[in-house]
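Reviewing the structure listed below.
Excluded from the calculations below are hydrogen atoms, water molecules and symmetry mates; all remaining heavy atoms, backbone and side chain alike, are included. Every number for a ligand or one of its atoms is a count from 1 in the order of the listing.
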Amino acid sequence: MSVGHHDPIEPRLDRAAEACARRGGRLTDIRRQVLALIMAAREPLGAYALLDRLKPARANATPATIYRALEFLQEHGLIHKVERLNAFIECTESGEHHPHQHAVQFLICGQCGTVTEMEDSGIAASVARAAELTGFRPAHATVEVEGVCAACVAERA
Ligand SMILES: [Zn+2]
Ligand SMILES: [Zn+2]
């Protein structure tokens, strides 16, 4: 089951907390707040943007607070880092039966800034195969595509 971006946030946070608990992790208040900010944002957020948004609720938050929370959320597959933007987005594939770490590709719209998550296991497999052909042992790959999203294309037409 994939999770739509337009669902209300609270039930999604509750599902995330349950998923963490099943794996023996705890979605503490600070982790939940950071995840809520990422879910509510229309665009990927960097660590410092998150810190700014967290400050009103947590005056004593530091960059380290944010980085620790982000690390936990990534480990549990609740968010992804978009390397090209050095920013974070919610994983939209984090359904109950979905493996909590998965190969992912991002489509980055240069006009409206939205990032869409794609999961095509064929892409991941062919990147790995091509790397192995050179004798390289791949551990982790990110595929990020810049362009114009469908909504922006429609607006132009
Ligand atoms: Zn994902
Ligand atoms: Zn767009």
task: Work out the angle at the Zn ion (ligand 2) between SG of Cys109 and SG of Cys152, rounded to 10°.
output: 110°

- prompt: How far apart are the C-alpha atoms of Thr142 and Glu83, what are their side-chain angles, what is the distance that settles it, and do they pass the side chain to side chain donor-acceptor pair (under 3.5 Å) test?
  reply: CA-CA 8 Å; Thr142 54; Glu83 301 284 350; 5.4 Å; no

message: As a quick check of understanding, evaluate side chain to side chain contact (heavy atoms under 4.5 Å, CB included) for Val145 and Gln105, giving each step before the final call.
response: CA-CA 8 Å; Val145 183; Gln105 300 89 38; 5.8 Å; no

message: Has Arg23 got a side-chain atom pairing as donor or acceptor with His76's backbone, closer than 3.5 angstrom?
response: yes

statement: min-distance N/O/S atom, Glu117 vs the Zn ion (ligand 1), resolves to OE2

task: Identify, by name, the N, O or S atom of His80 lying closest to the Zn ion (ligand 1).
output: NE2

- prompt: For atom CD of Glu144, is the number of surrounding heavy atoms from other residues, nucleotides or ligands below 6.0 Å larger than 12?
  reply: yes

